[in-house]
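Contents: one structure, followed by commentary.
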Amino acid sequence: MLFALFTWQVATGGPLRRLDERAGRALADGPRPRGLAELLADLGNMAVAVPVLVLAAAYTAWRTSRTNAAGGWAPRTDPAPWWPPPLAAVVTMMAVPVLVIPLKLAVNRTGPPGMEGNGYYPSGHTATAAVAYGAATLLLLPHLTRPTTRRTLILTCALLNLGVGYGLIHRGYHWPLDVLASWCLSGILLLVMAVSTARYGRGSAGTGAPQPK
């Protein structure tokens with residue numbers, strides 16, 4: 001597992017950590033639009049990312065309840081309860097500090113030049129953005145019927161997270177491995193959420209009454 005490899009190398013000061021810090025210094029010192037990088041890094045703030053997830057969860061609950069009231073679930077199935085996917089998203093988001101904070105304390109990694117203190121691995125901003133935007137995407141996908149819309153949502157989520165990682169590294173707030181490790185950890189959390197809510201997304205996208213075959 002990449003996350004275990006990254007954590008072991010960072011914690012023990014292995015060759016991957018040394019390579020990471022050389023790359024981080026080079027990227028932070030390179031030419032870049034500082035304003036854009038700062039803006040992208042801010043997209044990982046809880047005050048920005050978490051409200052996006054809250055709105056997606058509220059919309060999903062409302063849309064599922066509306067579909068159930070209209071009888072728009074799949075034929076020969078019971079109405080999908082509205083609460084499991086939003087609840088799973090909230091629990092997944094709450095798992096971020098529960099996992100990230102102990103890891104920061106255990107690894108106790110120093111930050112890039114100019115950053116004070118320890119506890120930079122893994123990146124909390126990266127994990128917050130990845131889980132919030134990723135969970136919002138998982139909530140919304142079952143309610144989108146057009147393939148183009150679904151692909152656009154997935155691409156937007158990916159670009160937002162790449163942007164956050166870019167901003168954090170290029171502004172010198174985090175080392176590259178801090179960001180990569182958080183993506184790995186967030187991917188695990190989102191996979192668990194996707195598996196646990198998969199059965200509730202089936203047949204929830206429709207809004208009309210069941211059609212006869």
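Index from 1, following the sequence.
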message: Could you walk me through whether Arg151 and Thr148 satisfy the side-chain contact (heavy atoms from CB on, under 4.5 Å) test, starting with their C-alpha distance in whole Å, then the side-chain angles of each, then the deciding distance to 0.1 Å, before giving a yes or no?
response: CA-CA 5 Å; Arg151 287 194 294 267; Thr148 301; 3.6 Å; yes
- prompt: Hey, mind stepping through Arg66 and Trp82 against side-chain contact (heavy atoms from CB on, under 4.5 Å) and telling me if it holds?
  reply: CA-CA 9 Å; Arg66 182 170 174 265; Trp82 63 266; over 6 Å; no
task: Would you please test Thr7 and Tyr121 for side-chain hydrogen bond (donor to acceptor under 3.5 Å, both in side chains) and show each step?
output: CA-CA 8 Å; Thr7 304; Tyr121 179 96; 2.8 Å; yes
task: Begin from the C-alpha positions of Leu103 and Leu185 and carry the test side-chain contact (heavy atoms from CB on, under 4.5 Å) through to its verdict.
output: CA-CA 11 Å; Leu103 282 166; Leu185 181 62; 4.2 Å; yes
message: Would Val131 and Met94 count as a side-chain contact (heavy atoms from CB on, under 4.5 Å) here? Give the steps.
response: CA-CA 10 Å; Val131 170; Met94 292 174 62; over 6 Å; no
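Residues Val100 and Leu2 fall within the same hydrophobic cluster, defined by Ile, Leu, Val, Met, Phe, Trp and Tyr side chains chained together at heavy-atom separations under 4.5 Å. If you chain together hydrophobic residues whose side chains sit under 4.5 Å apart, Met93 and Leu87 never meet in one group. The hydrophobic cluster containing Val91 also contains Trp83, counting ILVMFWY residues as joined when their side-chain heavy atoms lie under 4.5 angstrom apart, directly or transitively. Transitive grouping of hydrophobic side chains (ILVMFWY, heavy atoms separated by less than 4.5 Å) keeps Val96 and Leu105 in distinct clusters. Under the 4.5 Å side-chain heavy-atom criterion for grouping Ile, Leu, Val, Met, Phe, Trp and Tyr, Leu39 is not connected to Val50 through any hydrophobic cluster.
Arg109 CZ to Glu21 CD: the interatomic distance, rounded to the nearest 0.5 Å, is 5.0 Å. With rounding to the nearest 0.5 Å, the separation of CG in Leu190 from OG1 in Thr137 is 9.0 Å. To the nearest 0.5 Å, atom CD of residue Gln9 and atom CZ of residue Arg17 are 10.5 Å apart. Here the CG atom belonging to Leu36 is positioned 10.0 Å from the NE2 atom belonging to His170, to the nearest 0.5 angstrom. Note that CG of Leu140 is 11.5 Å distant from OG1 of Thr149, once rounded to the nearest 0.5 Å. Between the OG1 atom of Thr128 and the CG atom of Leu43 there is a distance of 12.0 Å, given to the nearest 0.5 Å.
Around the CH2 atom of Trp183, the shell of radius 6.0 Å holds more than 12 heavy atoms that belong to other residues, nucleotides or ligands.
Looking only at side-chain heavy atoms (C-beta outward), Thr64 and Thr60 come within less than 4.5 Å of each other. Val192 is not listed as a side-chain neighbour of Thr92, based on a closest heavy-atom distance of 4.5 Å or more. A heavy-atom distance below 4.5 Å is found between the side chains of Trp175 and Pro112. You'll find the side chain of Asp178 stays beyond 4.5 Å of the side chain of Leu168, heavy atoms only.
Between Gly165 and Val179, the shortest heavy-atom contact is CA-CG1, 3.8 Å. Taking every heavy atom of both residues into account, Ala136 and Ala56 meet most closely at CB-CB, 3.6 Å. Annotation for Phe6 and Leu177: closest pair CD2-CD2, 3.6 Å, computed over non-hydrogen atoms. Contact detail for Met193 and Pro85: the closest heavy-atom pair is CE-O, 4.3 Å. Heavy-atom minimum distance, Leu139 versus Ala89: CD1-CB, 3.7 Å. When all heavy atoms of Asn118 and Thr110 are compared, the pair lying nearest together is OD1-CG2, 2.9 Å.
Ring geometry for His174 against Tyr120 counts as perpendicular: the plane angle is over 60°, on a 0 to 90° scale with 30° as the lower cut.
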